[in-house]
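All of these numbers come straight from a predicted model, not from anything done at the bench. Values below: every heavy atom of this structure, side chains too, minus hydrogens, waters and symmetry copies. Labels below follow one simple rule: chain letters A, B, ... track the order of the sequence lines, proteins then strands, and each chain is numbered from 1.
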Amino acid sequence: MGQVEKRLQELGIVLPRPATPVANYVPFVRSGATVTISGQICLGPDGRIAPEHLGKVGADVSAETAHAAARLCAVNVLAQLRAAIGDLDLARRCIRLGGFIASAPDFTGQATVMNGASDLMVEVLGEAGRHARSTIGVAGLPLGASVEVEATFEVA
Amino acid sequence: MGQVEKRLQELGIVLPRPATPVANYVPFVRSGATVTISGQICLGPDGRIAPEHLGKVGADVSAETAHAAARLCAVNVLAQLRAAIGDLDLARRCIRLGGFIASAPDFTGQATVMNGASDLMVEVLGEAGRHARSTIGVAGLPLGASVEVEATFEVA
Amino acid sequence: MGQVEKRLQELGIVLPRPATPVANYVPFVRSGATVTISGQICLGPDGRIAPEHLGKVGADVSAETAHAAARLCAVNVLAQLRAAIGDLDLARRCIRLGGFIASAPDFTGQATVMNGASDLMVEVLGEAGRHARSTIGVAGLPLGASVEVEATFEVA
């Protein structure tokens, strides 16, 4: 078992079966040493969005619950990365996370929400998980998700 | 005539003269084997936004019309790509599309709208057109456009 | 003194001490010849957001003031780039700027606002500063900032 798989096990994180888009796009593309992961919404292990992860943060969804949603997005990103490269030990670096937080008009706590994704990445990948990041509040997300996270990785 | 140009002809798609930014940015940048295309809004062949492509999807604009707007954005992306590399047969892969859908507060159908861009890319480029994708609902877009699409390509 | 540092001096621009994220992400990541800079909000030289740069453009903030905020974001991007590569003369090209403008529902002047960042980049880096760009209106930004700008650069 690889080092990253061991860390996942220690953390009690089971990567879900990665979601397959039902359209003309794919969950990841490798180009040279870079893997680009499609935006992952906060689907649960059952492939559905739990009711508490639907809606706008600051109105329907609390910042705390959205933090958990961001963590879930990051877990889904890792599931796609494993599907892309087979062995997570081949991940050299998380280059960038893009965090999209469906936000009520007055919500300004997007950075704290997005820490749910950033922290997970470092818990699992260690130093290689430390990434550049852009976080924005958006007007809405596909299927009514509260959080979406996209990623690029450098791989071996 | 190249393979991709033939497919464009079969599909009845005429790539417009690519829009030139009137500011200190450029429509595309090549770095190594990657071409980054600036966000393209849903300008028509005349270089203007048709009235039906102005406003927020879910309020002023229907999802069906926005689907056509997303397709138009993808056509404009290909026009820029051709300007960047000369011969579209040199496009090795569409790495990523970013889809920005100007959304009314309760609209959650952004993924279906964005399929208008994703489908066009695969119709024209075939397997090379299958891309990673992030789609978000935004509060507004330049000039009041309903859809904007950005792209990166791997080129020969 | 390098060429770019000289130009900064001529322009009277003092790059601030770059902001350090207080979370598990980093201000920049280098991968190969590409440096990805985290989204920079319109913090002033004192590391705070001035009151006039808080809120939504088109409601709380005028387009003119937001143009200044975008310029400030670009200054902060350059401060991070210098921290990343040491000598700004090693910047070969600004590949892309992503501009996020916190927007009131009816605001459509995002492109003009974002010119504040694009112009600064070309004033400082010359031809190497001409970049691909995507500009969108967002529902909100971290800490209530009116503008955020992310960037990628090709470096020597």
Of the listed residues (B/Asp106, B/Asp119, B/Thr152), which shares the most heavy-atom pairs with chain A below a 4.5 Å separation? B/Asp119

Kindly compute the distance separating OG (B/Ser134) from OH (A/Tyr25), expressed to the nearest 0.5 Å. 9.0 Å

Only pairs of heavy atoms separated by less than 4.5 Å count here; which of A/Val26, A/Thr36, A/Val22 has the most with chain B? A/Val26

Please identify, among A/Gly32, A/Ala139, A/Ala145, the residue contributing the most non-hydrogen atom pairs under 4.5 Å to chain B. A/Ala139

How far apart are the C-alpha atoms of B/Arg133 and A/Glu150, what are their side-chain angles, what is the distance that settles it, and do they pass the side-chain contact (heavy atoms from CB on, under 4.5 Å) test? CA-CA 9 Å; B/Arg133 178 176 112 173; A/Glu150 63 175 4; over 6 Å; no

Need one label for A/Phe100: side chain, backbone, both or neither, based on atoms under 4.5 Å from any heavy atom in chain B. side chain

Closest contact, heavy atoms only, B/Cys94 versus A/Val29: O-CG2, 4.3 Å

Determine the minimum heavy-atom distance between A/Val138 and B/Gly137, stating which atoms define it. CB-O, 3.3 Å

Looking at side-chain heavy atoms only, is the closest gap between B/Arg93 and A/Ser31 below 4.5 Å? no

Rounded to the nearest 0.5 angstrom, the OG-CG distance for B/Ser103 and A/Leu141 is 9.0 Å

Side chain, backbone, both or neither of A/Ile136 within contact of chain B (heavy atoms, under 4.5 Å): side chain

For B/Thr108 and A/Leu143, indicate whether the former's side chain and the latter's backbone hold a donor-acceptor pair under 3.5 Å. no

Counting only non-hydrogen atoms closer than 4.5 Å, can you tell me which residues of residues 69-89 of chain A sit against chain B? none

Working to the nearest 0.5 Å, report the span between CD of A/Glu148 and OG1 of B/Thr135. 6.5 Å

Hey, does the side chain of A/Lys56 reach the backbone of B/Pro105 with a donor-acceptor pair shorter than 3.5 angstrom? yes

Minimum heavy-atom separation for A/Asn24 to B/Arg130, with atom names? OD1-NH1, 3.6 Å

